[in-house]
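Only one structure is covered here, and it is reproduced in the block below.
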Protein chains: 2
Amino acid sequence: MIIKRPQATESARNRFDRIHEEIRMRICLLDYAPGKRLSEEALAGEFGISRTPLRRVLARLESEGLVHSMHGIGTFVTDLEIEELGQTFRLRLELAELTGRLEPVLPDAALWQEFRAISTQSKAMLAEPDPRRFAKLNVDFFLCLVRLTDNEPLREITRRLYFQTTRIWLKSVFASHINLRDETHVFDREVDDIIRALELGDLHSAALIQRAHISMSFQRMLAGSRNHEA
Amino acid sequence: MIIKRPQATESARNRFDRIHEEIRMRICLLDYAPGKRLSEEALAGEFGISRTPLRRVLARLESEGLVHSMHGIGTFVTDLEIEELGQTFRLRLELAELTGRLEPVLPDAALWQEFRAISTQSKAMLAEPDPRRFAKLNVDFFLCLVRLTDNEPLREITRRLYFQTTRIWLKSVFASHINLRDETHVFDREVDDIIRALELGDLHSAALIQRAHISMSFQRMLAGSRNHEA
DNA sequence: GGATGCCCATTTGTGCACAAATGGGCTGCG
DNA sequence: CGCAGCCCATTTGTGCACAAATGGGCATCC
């Protein structure tokens with residue numbers, strides 16, 4: 001019997017997922033700012049592959065609304081204005097609540113540990129806020145929250161919408177539409193409140209807290225944008 | 001000033017969309033049965049293109065969960081059992097109702113005409129039911145219903161889940177888990193009831209009627225599957 | 001001087017040949 | 001006779017060269 005050592009060479013699918021997640025994260029953390037052109041050739045070179053498989057990744061990102069390719073011109077990171085995202089945010093509110101209603105599940109030991117770790121990091125961040133690290137912590141927290149439902153299609157859709165909209169938050173920070181220090185405190189409260197609800201086993205309340213924070217975060221960005229115009 | 005005649009030659013993007021929708025429809029109407037292998041070379045030949053752009057279409061279909069590619073083996077239409085679709089159906093129920101709550105819009109003249117046409121065809125189908133034509137009418141009706149909300153992300157997500165699950169209905173007909181003639185009558189009632197709600201301008205009720213029919217349809221398929229086992 | 005049309009560098013899209021991977025059949029050994 | 005291992009046809013995945021398309025710069029003409 002032949003024992004195949006696990007992934008001596010990375011499979012095509014794994015590599016696709018890895019590169020896809022990497023570029024997606026760069027877009028969400030504004031390493032690639034909205035409007036920036038992504039060179040197929042440069043990216044292919046960076047990841048040590050040819051344009052063909054890289055184009056597959058870009059095509060996926062395009063279907064997710066994160067980039068847009070134009071023949072003869074280039075591939076660009078999509079831009080977004082807070083005013084245009086109302087529809088998406090309203091939908092995210094509803095989906096957040098669904099997480100607490102549709103097949104909710106309590107965290108297992110591993111997930112509990114991740115929640116605790118995020119709480120710790122959140123408190124550490126209060127002393128010296130850093131936009132990018134904060135955004136990354138926000139992503140990690142979101143990816144934990146989505147695991148509070150067993151409904152896989154709901155998870156997938158929720159993730160999709162999250163990655164479409166999360167950049168606007170970091171963008172608002174850099175545009176001074178919202179205050180980073182305030183946001184870190186709000187986030188820390190959110191994490192603690194949700195953990196407390198989870199400790200009580202009240203998954204629906206945890207979902208409603210998340211919903212409320214998504215809504216208020218949107219309102220703060222909207223208000224900041226309007227103030228800035230005036 | 002140069003007047004560019006509109007699409008003398010089809011753009012790459014339009015061609016992609018056209019082929020994608022065509023293959024998706026073939027899968028949903030069971031022209032390509034679950035489990036069937038799709039030959040990249042044959043499909044590329046049929047559409048008069050090379051494998052490269054066709055593979056792009058297949059990759060999109062794979063991200064939508066309609067096919068699955070395996071290196072060295074082939075690309076296969078995904079199979080699905082009614083028992084595994086509970087999560088997806090429960091989510092579809094919620095999204096259907098959201099259509100009536102999140103930015104609902106009354107039909108314009110064109111959409112009204114489409115609803116009337118579908119009602120007419122539905123009644124014509126009562127006399128001589130045909131599974132494939134019925135499934136097609138079902139798709140058309142769904143695509144009209146989704147236009148009752150202005151929330152574009154909600155539309156997109158709803159469509160995605162619909163195309164993932166709609167095959168199971170036609171599959172249940174062929175497996176005699178549900179009765180085609182009964183289904184045609186139920187469908188005709190659904191169309192009429194929803195049109196009546198729309199005539200009253202009651203979009204939320206229209207959505208709830210749709211929700212109820214999705215749920216009952218699922219229950220009938222589930223029951224049929226269980227009876228068949230017994 | 002201004003506008004118009006052409007040329008060309010740049011970038012995405014396509015076709016094709018080859019690499020990688022899989023499964024089935026065949027062959028040879030015990 | 002059974003089974004283990006190899007070979008090869010088939011299919012998806014990759015690399016690469018070229019086609020298509022775009023925009024900007026430049027020359028030319030009015």
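Across the protein-nucleic acid pair, Asp17(B) atom CG and dG13(C) atom C1' stand 15 Å apart, rounded to whole Å. Atom P of nucleotide dA9(D) and atom CD of Glu41(B) are separated by 16 Å, given to the nearest angstrom. One can place CD of Glu40(A) at 15 Å from C1' of dT14(D), the figure rounded to the nearest angstrom. Residue Arg15(A) contributes atom CZ, which lies 8 Å from atom C1' of dG13(D) at whole-angstrom precision. In this structure, Arg13(A) places its CZ atom 14 Å from C1' of dT22(C), rounding to the nearest Å. In this structure, Leu38(A) places its CG atom 12 Å from P of dT11(C), rounding to the nearest Å. Rounded to whole Å, atom C1' of dG13(D) lies 13 Å from atom CD1 of Ile19(A). Look at CZ on Phe76(A): it is 11 Å from C1' on dT22(D), rounded to the nearest Å.
A donor and an acceptor atom, one from each side chain of Ser225(A) and Glu83(A), are located under 3.5 Å apart. With no hydrogens or angles considered, a side-chain donor-acceptor pair links Thr78(A) and Arg167(A) at under 3.5 Å. A side-chain donor from one of Glu103(A) and Asn151(A) sits under 3.5 Å from a side-chain acceptor of the other.
Side chain of Ser215(A) to main chain of Arg211(A): no donor-acceptor pair is present (N/O by atom type, distance under 3.5 Å, no hydrogens or angles).
Here Arg155(B) pairs with Asp150(B), Glu152(B) under the salt bridge (charged side-chain N to carboxylate O under 4.0 Å, His left out) rule; sequence neighbours left out.
Residues from residues 50-74 of chain B placing a heavy atom under 4.0 Å of any atom in DNA chain D, listed by number, are Arg51(B), Arg55(B), Met70(B), His71(B), Gly72(B), Ile73(B), Gly74(B).
Looking at heavy-atom distances under 4.0 Å, Ser39(B) makes no contact with the nucleic acid at all.
No salt bridge links Arg15(A) with Glu10(A); every basic N to acidic carboxylate O contact stays at or beyond 4.0 Å.
Distance from the side chain of Arg37(A) is smallest for dT11(C) among the nucleotides dT12(D), dT11(C), dT14(D).
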